[in-house]
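As structure tokens, the structure follows; a few thoughts come after it.
By convention here, the first residue in the shown sequence is residue 1. Note: hydrogens, waters and symmetry copies are ignored here, and every other heavy atom, side chains too, is used.
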Amino acid sequence: MMVHTTIDSPLGELLLMGEESATAKGGVALASLSMPGQKGAAIVAPGWRHDPVAFTEIIAQIRAYFAGERRDFDLEYTTRGTDFQERVWAALDTIPYGTTTTYGKLAEQIGVPRAAVRALGTAIGANPLLLLRPCHRVIGANGSLTGYAGGLDRKEILLAHEGAVPAKLG
């Protein structure tokens with residue numbers, strides 16, 4: 001059974017969707033975390049159950065992250081992508097908190113030729129777990145903030161929160 005809820009965050013309201021799981025902390029394996037205005041944001045389907053209590057552990061970890069008390073997430077995910085997407089998403093999970101990497105370096109890390117960097121970017125853009133699977137830590141080769149489905153303003157907020165870029169003044 002699919003379940004969902006929303007929570008407030010410094011990035012706006014986040015939509016959490018998951019599947020009931022006997023092995024996940026709190027009983028829900030997270031399938032999606034979406035932000036308002038996100039490209040390709042998840043949509044709640046008819047028949048899904050609204051159940052904030054089922055997301056207690058997930059919400060606690062997200063709040064701890066924003067409070068500066070957590071750098072990594074210890075959650076069960078249930079995402080489904082192509083083999084290539086799953087490889088890219090696994091590589092995202094290796095980017096440490098407070099650091100960034102480039103699309104080119106990420107491609108090199110997983111053995112993808114530089115000519116396939118565009119496909120890599122597409123796979124990153126299809127990441128269903130914004131924030132939790134840290135695609136915000138991938139930047140352009142020249143240091144520019146590029147390509148975040150949740151919006152570049154949110155990418156900058158997340159990187160500043162982690163100390164990877166200076167906080168924006170004004």
Side-chain angles (χ1 to χ4, degrees), residues 4 6-18 29-44 58-59 61-66 68 70-170:
H4 67 92
T6 58
I7 63 166
D8 290 327
S9 82
L11 304 175
E13 185 178 73
L14 304 178
L15 171 62
L16 306 174
M17 298 189 328
L30 197 61
S32 175
L33 183 153
S34 301
M35 301 174 187
Q38 171 187 330
K39 282 195 277 182
I43 299 170
V44 176
I58 295 165
I59 291 169
Q61 289 192 32
I62 292 169
R63 287 192 173 135
Y65 168 83
F66 283 119
R70 176 177 277 281
R71 293 177 167 217
D72 299 303
F73 297 95
D74 181 22
L75 299 169
E76 183 177 317
Y77 304 136
T78 177
T79 57
R80 293 174 184 91
T82 66
D83 289 342
F84 181 71
Q85 287 172 327
E86 294 289 345
R87 276 182 44 215
V88 171
W89 298 342
L92 292 174
D93 289 336
T94 68
I95 306 168
Y97 178 97
T99 67
T100 60
T101 192
T102 65
Y103 292 91
K105 287 180 184 174
L106 197 63
E108 185 178 307
Q109 177 183 335
I110 63 172
V112 173
R114 277 205 166 290
V117 168
R118 191 167 273 177
L120 179 95
T122 300
I124 291 170
N127 173 15
L129 296 171
L130 294 189
L131 170 66
L132 304 179
R133 185 173 279 141
C135 55
H136 59 277
R137 297 178 188 153
V138 183
I139 61 173
N142 64 359
S144 62
L145 303 186
T146 61
Y148 189 61
L152 294 181
D153 56 333
R154 289 188 180 115
K155 183 173 190 162
E156 186 172 18
I157 290 167
L158 289 169
L159 291 174
H161 170 72
E162 294 181 3
V165 299
K168 197 175 195 179
L169 299 176

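Looking at every heavy atom in both residues, Ala42 comes nearest to Met17 through CB-CE, 3.0 Å. Considering every non-hydrogen atom in both Ile110 and Ala91, the closest pair reads CG2-CB, 3.5 Å. Heavy atoms only, all atoms of each residue included: Gly125 and Ala149 are closest at O-CB, 4.2 Å. Summarising the geometry of Gly104 relative to Val117, their closest heavy-atom pair is CA-CG2, 4.5 Å, with the distance given to 0.1 Å.
Within the model, atoms CD1 of Ile139 and OG1 of Thr102 stand 7.5 Å from one another, a figure rounded to the nearest 0.5 Å. Taken from CG in Leu145 to CG in Asp153, the straight-line distance is 10.5 Å, to the nearest 0.5 Å. The CD1 atom of Ile58 lies 9.0 Å from the OH atom of Tyr77; values are rounded to the nearest 0.5 Å. For the atom pair OG1 (Thr79) and CG (Leu33), the distance works out to 12.5 Å, reported to the nearest 0.5 Å. Atom OH of Tyr65 sits about 4.5 Å away from atom CG of Leu158, to the nearest 0.5 Å. Rounding to the nearest 0.5 Å places CG of Leu16 at 8.0 Å from CG of Leu132.
Counting heavy-atom neighbours within 6.0 Å of Glu86 CD, excluding the residue itself, gives a total above 12. Residue-environment remark: CG (Asn142) exceeds the threshold of 12 foreign heavy atoms within 6.0 Å.
Side chain of Arg70 to main chain of Ala64: no donor-acceptor pair is present (N/O by atom type, distance under 3.5 Å, no hydrogens or angles). Side-chain atoms of Gln61 come within 3.5 Å of backbone N or O of Asp74 as a donor-acceptor pair. Between the side chain of Trp89 and the backbone N or O of Ala123 there is at least one donor-acceptor pair closer than 3.5 Å.
Side-chain contact between Val138 and Leu120 is absent, with no heavy atoms from C-beta onward closer than 4.5 Å. Contact check for Leu130 versus His136: no side-chain heavy atoms found under the 4.5 Å cut-off. You'll find the side chain of Val112 stays beyond 4.5 Å of the side chain of Leu106, heavy atoms only. Contact of the Thr146 side chain with the Tyr103 side chain is registered, since non-hydrogen atoms from C-beta on lie closer than 4.5 Å. Considering only heavy atoms from C-beta on, Pro128 stays 4.5 Å or farther from Gln85 through its side chain. With contacts defined as side-chain heavy-atom distances shorter than 4.5 Å, the pair Ile43/Leu15 does not qualify. Contact of the Lys155 side chain with the Leu152 side chain is registered, since non-hydrogen atoms from C-beta on lie closer than 4.5 Å. Taking 4.5 Å as the limit, some side-chain heavy atom of Leu14 sits within range of a side-chain heavy atom of Met35.
Residues passing the salt bridge (charged side-chain N to carboxylate O under 4.0 Å, His left out) test with Asp93, sequence neighbours excluded: Arg133. With sequence neighbours left out, His4 forms a ring pair (Phe, Tyr, Trp, His ring centres under 6.0 Å) with His50. Taking the salt bridge (charged side-chain N to carboxylate O under 4.0 Å, His left out) definition, one finds that Arg114 meets it with nothing, sequence neighbours left out. By the side-chain hydrogen bond (donor to acceptor under 3.5 Å, both in side chains) test, Gln109 is found to be paired with Thr94, residues two or more places apart in sequence or in another chain being considered. Among residues two or more places apart in sequence or in another chain, the side-chain hydrogen bond (donor to acceptor under 3.5 Å, both in side chains) test is passed with Ser32 by Ser34. Taking Arg137 as the reference, Glu162 meet the salt bridge (charged side-chain N to carboxylate O under 4.0 Å, His left out) condition, with sequence neighbours excluded.
Ring-plane geometry between His161 and Phe66 is classed as tilted, the angle between the planes lying from 30 to 60 degrees on a 0 to 90 degree scale.
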